[in-house]
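This report concerns only the one structure given below.
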Number of protein chains: 2
Amino acid sequence: MQGALAVLRHVHAHPGVTRAELTRALGLSSGSAAEITARLKVLRLVEETEAPATGGRGRPSPVLTAHPDGPVICAVDIGHESWRVATVELGGRLVGDVSGRHADRAAGAVLDAVRQPIPQADRRLRAVSVAVAGSVQGTRIVQAATLGWRDVDLAVLRPDPGVPLLVGNDASLAGLAEARRGAGFDTKVVLHLTVEVGLGGILVVDGRPMTGATGAGGEFGHLPFGDRERQCPCGARGCWDLEVDGRAMARDLGLPEPRDPRTEADRILRSADAAHRAAVTRVATTLGRGIGGLVNALDPDLVTLSGLARSFLAEVPEALHAGYTDGLMSFRRAAPPPLRPSALGDQGPVIGAAEVAFDALLTEEGLAAWE
Amino acid sequence: MQGALAVLRHVHAHPGVTRAELTRALGLSSGSAAEITARLKVLRLVEETEAPATGGRGRPSPVLTAHPDGPVICAVDIGHESWRVATVELGGRLVGDVSGRHADRAAGAVLDAVRQPIPQADRRLRAVSVAVAGSVQGTRIVQAATLGWRDVDLAVLRPDPGVPLLVGNDASLAGLAEARRGAGFDTKVVLHLTVEVGLGGILVVDGRPMTGATGAGGEFGHLPFGDRERQCPCGARGCWDLEVDGRAMARDLGLPEPRDPRTEADRILRSADAAHRAAVTRVATTLGRGIGGLVNALDPDLVTLSGLARSFLAEVPEALHAGYTDGLMSFRRAAPPPLRPSALGDQGPVIGAAEVAFDALLTEEGLAAWE
DNA sequence: CGATTATGCTCGCCTCGCGAGGATAATAGG
DNA sequence: CCTATTATCCTCGCGAGGCGAGCATAATCG
């Protein structure tokens, strides 16, 4: 079981490896590798497909991928304005993907819409895993300011009581995906930050997300980096959240609080107006300075950026880097962790949601449950 | 080797367990437990001593402890004003302990003093592990403001090239010790904070310290929670560091920057003067508010406090808790992680230093090196 | 002083991974 | 087209190490 688990985890993390590569990576003998893969094929967990002609010499090594009848996860992403339901197989490939925009943001309406595409009686389904734009504890959404939700239990998304339900913050899960399969691939300590409306993220150490005691870790937007007098909808004051998004840019420009801060942010970002450019620069600098502080505290190898933060990196990299450097302790300035754009885009949350579900599956117990 | 390692780690984490408890905890058969302990006794790693009369029925179970000729770590603590050199055996017991105050704070002088008690040719010595009051990357001290050191390499403390040298921040290592053997025992996610001159700490998840990519993680004092205009010796501005210690209290009282902020802090803390009490209250509140922000971001089960933070908790708990609650997101206020005083006191850094060294020893390779 | 309770020890069994030796499948070169 | 070369896969006997049944041992209870 030990060896089988190691193989399965390696295939999951590196879909499309050859058996020879796997044997070397795990330090197995070729005999053990043969026996273990044979067992996993019988269990309908992995499939070996004929090797593509590499052009190199020697006997070709078969490629290991997810079994076509293997376990799948239903990954759900509930964002500020849209939702997505995907089926994900071992190795992180999306084999089905449905999405839509919220017609009505009320919790009931959104959950009804999202529930439709969730398969109801699929023996292959091992878990429903939800990424949601809000603060999460266990399987409850305790606070989702932009959706206007408070204390919503997602248990209704469970197709039957036997299927486990997992819930996490969308920015945190996107960060996990980014660390494992995106810009942070093969990096030990990755700090991911997403700015949409407010800011979220996660620290991923050796592939493990630091989600804290209750699952509400990674709420970096509620560190008091901002103006101590400014009240945040979260209940605290001076949150960084309020200083780095469309609300902050509108405030900087003397505009009223926008109804849809994310769209407003994009509008200002695309504008050629000098005042707008200045506001973008100032907010990007503020974001950068906070990133510097977080890097001081958490010491990552790499920072990955999504959403509006990714846009700042693309549009005003000097401002972002100036703030970043300014916020760093001087000894870190010689070789600061690079800021990199997210590689997974809007697929991050669903891929991350599937990851945590597969983490539970790829254990002694999870495998035992799969026979 | 697998089973032996598990047993050894369990004995290290729970010194003084009986073999019966261990067998149950690891789910071993009594036969395996017997064979493994026999092997570990031959290897001079553990010793079985006769069970003390528990008064209960049944055959008594022998107690497992460190072997008297087993491996030891030389743990060194270099603080602002004093140093300590201890010998630590498996299980975390200090079997030797020498300390002194710095006569001269220059790096050379301190290292000379500290080098004396380090055993030179002890076959039992597996590592020298140093806790130091400064920022650390690898085995270098990159910045230690209160000692006045910059870029000091501690390689001179290595008694011979075969003995590994480990270096870490004292507050981070004290936090690791606290999480494993102190107030955070058996708790999944522990946030530890120490205030002496400035603030340091660590997040410990499942017993693993989140020391980051270079070992400089846990520098929570350099999060920009403070006044954006105030320059920190670290090179950044607005550091929390400057708002929570003796310097902050002196500033609040309109006094000049104290030469020894730690002593000054204790003096103000012990004073009955109303202005002094008010300053203490304000600084404790500021500290509490920052702790709230950190709890928002990291979501620990428990926060442990050392040094001046521990004194605040003892002397002005209302102020500290008021700030703490104020800094928390409102959904966390119903059941916030408790703030607990450190249980290990000034032994924290050396115990933590020994822990990281034993972590390296209690591996396949570490055990192979011990024959 | 037996009964009860709890634990330790012995020993055959079984699982799983190792590794040597031969088989297999590709390219390279004549 | 055929052989050499390279790289990998498969078969199979071996050995390490953990399991668990059955018995031995050591304490308290009444």
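Just so you know, these numbers use all the heavy atoms, side chains as well, and skip hydrogens, waters and symmetry mates. In what follows, chains carry the letters A, B, and so on, assigned in the order in which the sequence lines appear, proteins first and then strands, with residues in each chain numbered from 1. Bear in mind the structure is a predicted one, so any value in this text is a computation, not a measurement.
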**Request:** Give the intermediate values and the outcome of side chain to side chain donor-acceptor pair (under 3.5 Å) for residues A:Glu178 and A:Ser342.
**Result:** CA-CA 7 Å; A:Glu178 205 60 53; A:Ser342 147; 3.0 Å; yes
**Item:** Test salt bridge (charged side-chain N to carboxylate O under 4.0 Å, His left out) applied to A:Arg180 and A:Asp206, step by step
**Value:** CA-CA 9 Å; A:Arg180 291 197 186 164; A:Asp206 292 325; over 6 Å; no
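Between B:Glu47 and B:Lys41 there is no salt bridge, since no side-chain N of the basic residue sits under 4.0 Å from a carboxylate O of the acidic one. Salt bridge A:Arg181/A:Glu355: present, at least one basic N to carboxylate O contact under 4.0 Å.
Residue order along DNA chain D, read from the 5' end via each residue's closest nucleotide, puts A:Ala20 first among B:Gly58 and A:Ala20. Mapped onto DNA chain C by nearest heavy atom, A:Leu26 and A:Gly56 fall at different nucleotides, with A:Leu26 at the one closer to the 5' end.
Nearest nucleotide to the B:Arg57 side chain, out of C:dG8, D:dT8, D:dC29: D:dC29. Closest contact between the side chain of B:Ser29 and the listed nucleotides C:dA25, D:dG17, D:dG20 involves D:dG20. Taking only side-chain atoms of B:Ile36, from C-beta outward, the nucleotide of D:dG18, D:dT28, C:dA25 with the closest atom is D:dG18. Nearest to the side chain of A:Pro62, among C:dG8, D:dT8, D:dC9, sits D:dC9. For B:Ser61, the listed nucleotide lying nearest its side chain is C:dT7; candidates were D:dC9, C:dT5, C:dT7. Of the candidate nucleotides D:dG17, D:dG20, C:dG8, C:dG8 has the atom nearest to the side chain of B:Arg59.
Taking atom CD of residue B:Glu364 and atom C1' of nucleotide C:dG17, one finds them 13 Å apart after rounding to whole Å. Spacing between atom CG of B:Leu28 and atom P of C:dG8 amounts to 12 Å, rounded to whole angstrom units. When rounded to the nearest whole Å, the span between CZ of B:Arg19 and P of C:dA6 equals 18 Å. Note: CD (B:Gln2) to C1' (C:dC16) measures 12 Å, nearest angstrom. Remark: P of D:dC9 and NZ of A:Lys41 are 11 Å apart, rounded to the nearest angstrom. Counting to the nearest Å, the P atom of C:dA6 and the CD atom of B:Glu21 are 14 Å from each other. Taking atom CD of residue B:Glu35 and atom P of nucleotide C:dT10, one finds them 11 Å apart after rounding to whole Å. For the pair B:Arg24 CZ and C:dT5 C1', the computed distance is 13 Å after rounding to whole Å.
At D:dG17, one or more side-chain N or O atoms of B:Arg39 fall inside 4.0 Å of OP1 or OP2 (strictly under the cut-off). At the phosphate of C:dC18, OP1 or OP2 sits under 4.0 Å from a side-chain N or O atom of A:Ser32.
If you check every strand for non-hydrogen atoms under 4.0 Å, A:Gly31 touches a base.
The aromatic rings of B:Phe358 and B:His12 lie tilted to each other, with the angle between the two planes from 30° to 60°.
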